[in-house]
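Only this structure's heavy atoms are used, side chains among them; waters, hydrogens and symmetry mates stay out.
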Number of protein chains: 2
Amino acid sequence: MASSGFEQKKLASSRHYPSHSFAPSAPTLPPEPYEKQQQQETETYPYNHHGSPPSHGHYGQHPPSSYGQNGFPAGTNPYVVRAFEMVDRDRSGFIDENELQQALSSGYERFNIRTIRLLMFLFKNPHDSLRIGPREFAALWSCLGHWRAIFERFDRDRSGKIDLMELRDALFSLGYAIPPSVLQVIISKYDNGSGRRVELNFDSFVECGMIVKGLTEKFKEKDPMYTGSATLTYDSFMSIVIPFLVAYD
Amino acid sequence: MASSGFEQKKLASSRHYPSHSFAPSAPTLPPEPYEKQQQQETETYPYNHHGSPPSHGHYGQHPPSSYGQNGFPAGTNPYVVRAFEMVDRDRSGFIDENELQQALSSGYERFNIRTIRLLMFLFKNPHDSLRIGPREFAALWSCLGHWRAIFERFDRDRSGKIDLMELRDALFSLGYAIPPSVLQVIISKYDNGSGRRVELNFDSFVECGMIVKGLTEKFKEKDPMYTGSATLTYDSFMSIVIPFLVAYD
């Protein structure tokens, strides 16, 4: 288990969330050495409480760049392109949740279909239904590379799993100060009733991280000045929360 | 499909949610004739935007009343007691989600385990984990009786299913004015991709209704004056939403 360098008081602060979207930079796969990932990740996730303007875009809406003939951003690692094309057998340029599960498993472990659905929900074009294209796929792949680096950094005993305190520290390092009671609720999801300490593999870590990130980004849209509070109408509250519940089904 | 008597404008209003909890009165089962249910339900769910103080309690926390030796509120229909005792084979006084699924199927249809989990989450004692006792079971049973009456009232063509507009009218009659875009998202959950109009059976109706009711009650706690807006800290936002996501897993 990791010892924590953060004070409980800090964790209770609600002004601590980052402004970075997971826009793809250079894709990180095939998996790179730990040191390189760590360095890259440190550059990608600065603590940024009050700095640059928050990115409000949907996960899949990264800054425009040039696109190749196959629809991928210029410079996309051919490995990523191949992973996509392998499963897009009808060459439609889009893949569904089962194909996504299969495509990602060439670079990562096989994710639970629940995690896949959540990723689809967060990355797909909001106007498209239940499928993603090359651009979103590249962004997702790159994002998972970042989460992998975080996972490895905070899995300090290299057990391949992270526990509650490591999860807390990992999320905190990304700027998410989650109340301890909420963290307990999140992690209870993975409690198999054996009485043993709950630990998350990478799949579950991504699931937790994406829930936290997704909800935080939505909240931030309502709190552009980073005050830690937001005034929501009933309509906007329901409009934020219900899609998460439905996506997560 | 039901024709709607409500204006779109009214539906867009966010000040329209009820203050009633689903505290058990006389249990409604074995199923009663439609007319009687309808009358009872009309008494139970007045439109109440600004009137009596909102009930902030957890679903299972209904007003205290006297309890029999078996832990059920005095006057509980013996049919309900029997349904509980049939599945509580070890006489522990508590039942888990699978037992609840079985117990409810003696009076209602067999609910999807997802609906059952949501019901457990909403009705269980917040300090207890993953099980409910006689008191919560009686409240849940009674609540389902109310939802059944609503379902039958708004299933105007008696098809055994309700569609989007009927769902909207049903929720509106309970005081929940859900934005049309959110209703669309909710109902998309039940779209099997056949291209046919989506219709909900009672199970799915209860699931939708409980999500709406559960989230609305949480929102109301932050909006005690019924202004239609609430200021939430990041912590309280996450504390409200994450348990729903986890319960719903």
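With sequence neighbours excluded, the residues satisfying ring-ring contact (aromatic ring centres under 6.0 Å, His included) with B:Phe237 are A:Phe219. A search for salt bridge (Lys or Arg N to Asp or Glu O under 4.0 Å) contacts involving A:Glu99 returns nothing, not counting sequence neighbours.
For a residue to count as touching a neighbouring chain, one of its non-hydrogen atoms must lie under 4.5 Å from one of that chain's; by this rule A:Ser188 touches chain B with the side chain only.
We find the OG1-CG distance between B:Thr231 and A:Asp223 to be 10.5 Å, quoted to the nearest 0.5 Å. A:Leu245 contributes atom CG, which lies 9.0 Å from atom CD1 of B:Ile186 (distance to the nearest 0.5 angstrom). Rounding to the nearest 0.5 Å gives a distance of 8.5 Å between CG of B:Leu183 and CD1 of A:Ile242. Atom CE of B:Met238 is separated from atom CD1 of A:Ile178 by 4.0 Å, given to the nearest 0.5 angstrom.
When every heavy atom of A:Pro243 is checked against every heavy atom of B:Val185, the shortest pair comes out as CA-CG1, 3.9 Å. In this structure, B:Pro179 and A:Asp235 approach most closely via the heavy-atom pair CG-CG, 3.4 Å.
A:Thr233 and B:Ser229 share no side-chain donor-acceptor pair at under 3.5 Å. Between the side chains of A:Tyr234 and B:Thr216, at least one donor N or O sits under 3.5 Å from an acceptor N or O.
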